[in-house]
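Worth knowing before you read on, the calculation uses all heavy atoms, side chains too, and leaves out hydrogens, waters and symmetry mates. Whatever order the structure lists them in is the order used to number ligands and atoms, beginning at 1.
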Amino acid sequence: MPGSSRLPVSLRDVGAKGSVRRQLIILNIDVIRNIVFFLFLLRWSRKAIRQLRGRGLIGTLVSIYTSTYRTLYNILLHAPGVREQVQLQIAEAKIGLEKKLVPSGPGVERHLRLPADGWANDKVRSELAALADMKHTRWEDGRVSGAVYHGGKELCALQTEAFGLFTVANPIHPDVFPGVRKMEAEVVAMVLSLFNAPEDGAGVTTSGGTESILMACLSARNKAYQERGVTEPEMIIPDTAHAAFLKAGEYFKIKVHLVACKSPSYKVHIPSISRLINSNTVLLVGSAPNYPHGIIDDITALSRLALKRRIPLHVDCCLGSFIIPFLEKAGYATEPFDFRVPGVTSISCDTHKYGFAPKGSSTVLYRDEKLRSYQYFITPNWPGGVYASPSIAGSRPGALIAGCWASMMATGENGYITACHKIVGAAKDIETAIREEPELNVDLRIIGRPLLSVVAFTSNTIDIYAVADGMSGKGWHLNALQSPPAIHVAVTLPIVSARKQLIEDLKTVVEDVNEKERKAVAEGKSKKGIAKGDASALYGVAGSLPTKTVVEELARSFLDVLYKA
Ligand SMILES: *Cc1c(COP(=O)(O)O)cnc(C)c1O
């Protein structure tokens, strides 16, 4: 029996100990569950409080309503029957796009494989000439808003020579191409001086405004992470800021808060920004000027906010580029925008816009070297060697740096002041005509008070997209805008000589649209949809739907069509 008596005892012992342990475990799980729940509650109530403080009760309710409405509408779009209908229409639109963008027919030779033997140089040359000459909207005659920031034929020839000398150059190898390193550093130094950077100011060149903006956002995100441990970064931008900021938000997982830029100033609303700032905010943004309306945000007020809350402030001068620094010297009104405003920590400036450098060239500038180093990428353990690069690209085109340097040296300060004169002067002519000439000022209304090269206008009386399509019919390519519906002209040097024609054609088109709308009303039809053009289709019809799913699908098709050989 000893064995059997010992056994139950020890079993009981084990049982008792086990039940204590089990209870402890249950207790622990309970505590942990409570803590997790508490943290969860804390996290969500913090989010809710931030949302309420940032947008207010009504703003929050409106956004809940819109997102519910959109979700339901999207479910409807996916309902059987509806979905097929939508798909069919999108497929039709895609075929339309293909017809417009991809040449086809018996005369068109498509090259889908390498030629077995290389072509003779002359054959390549004549084919290139034919490609350059394909039927297009005539930017050469000043018919295209923005897009072609041309500095004149002579400058183009000089750029081509610069390319020739540096075709193989790559700044990733400064020992092999010391001249390119020197030119890149000098381009950055010259732009820093244009924007009145302090002694410690620093910058890099990039492939374009988008990359410059991506880098500034990345630097701000990395700074907040390293200095403050921010893991859920947020940035606050005007809703008129360039799409590149949204791209940065998507690429780098930074939550983006959009703030309205309301009439009559169309500048970003400062108190709204102030309410949205919280401990996760890594960057504030202002434009000088913005793309849609050419309006400069109140950089001084943004700077005050940035300094008070100790947050970096980026000013997007991609479009302002080499116009805004010269406004004053050219005798025009200006507003504060550069490093002289104390809260400004970074600036993007496109050399490939009004700097007249070849496309693929921009700069991002920082108040000090430390801010710049937050955008660097360095990996010491790569089997390929210690690797360090300043921005997104690895290898970079030295030829573009040479082209940019040559453009800046050949144009010089006086050249840019002259260009500023011509370009801003032409923009003012267009603005004045719209404000003052009776054929235009009844129906068209200028947005805000533009100081630079962009003139945006809307209408309270006629369909502005019909005006855009009417202008397209006359060979112009103006830019359609949305929220509010409007169009703009970004004046470039080629447009300067065409501005009188532009104003005349605008008068004819406005009269035309009025005539058509009167006729439609007389026939008891809707004024909307009288135009059949692209702007009306995209922004009038598709844009009026409650969700942008259809527009997104159309845009996807558009990108697909670009790669159809
Ligand atoms: C053009 C532009 C940019 C940058 O555009 P990229 O096409 O990437 O050079 C950024 N901001 C504004 C306001 C612009 O007009």
* Structure fact -> The closest protein heavy-atom partner of atom 14 (C) of ligand 1 is K353 NZ, 2.9 Å
* Has R449 got more than 12 heavy atoms of other residues, nucleotides or ligands less than 6.0 Å from its CZ? -> no
* To do: Mark up the atoms of ligand 1 that fall under 4.0 Å of a heavy atom belonging to Y291, in ascending order.
  => 13 (C), 15 (O)
* Could you point out which residue of V285, T281, L305, D297 forms a side chain to side chain contact (heavy atoms under 4.5 Å, CB included) with I273? => L305
* Could you tell me whether D505 and R143 have a side-chain N and a carboxylate O separated by less than 4.0 Å? => yes
* Between F356 and Y354, what is the ring plane arrangement, given parallel below 30°, perpendicular above 60°, and tilted in between? -> perpendicular
* To do: Salt-bridge test for E184 and R396: reply yes if a basic N is under 4.0 Å from a carboxylate O, no otherwise.
  => yes
* Return yes if a side-chain donor-acceptor contact under 3.5 Å exists between N222 and Q226, otherwise no. => no
* Structure fact -> Note: heavy atom closest to atom 13 (C) of ligand 1, options V454, I213, T351, D316, belongs to D316
* Asked: Taking the minimum heavy-atom distance to atom 5 (O) of ligand 1, which of H242, H352, K359 ranks first?
  -> H242
* Please check if atom NZ in K359 has more than 12 non-hydrogen atoms from other residues, nucleotides or ligands closer than 6.0 Å. => yes
* Which ligand 1 atoms, with their elements, are less than 4.0 angstrom from a heavy-atom of L319? -> 13 (C), 14 (C), 15 (O)
* Asked: Among all protein non-hydrogen atoms, which one is nearest to atom 4 (C) of ligand 1, and what is the separation to 0.1 Å?
  -> G209 CA, 3.5 Å
* Of all the atoms in ligand 1, which lie at a distance below 4.0 Å from a heavy atom belonging to D350? -> 4 (C), 9 (O)
* Provide, to 0.1 Å, the distance between atom 7 (O) of ligand 1 and the closest protein heavy atom, together with that atom's residue and name. => T210 OG1, 4.4 Å
* To do: Compute the minimum heavy-atom distance from P289 to ligand 1 and say whether it is under 4.0 Å.
  => yes
* **T210 and H242, any side-chain heavy atoms less than 4.5 Å apart** => yes
* **Candidate with minimal heavy-atom separation from atom 10 (C) of ligand 1, of S212, C318, A241, G208** => C318
* Asked: For N290 and ligand 1, does the shortest N/O to N/O distance drop below 3.5 Å?
  -> no
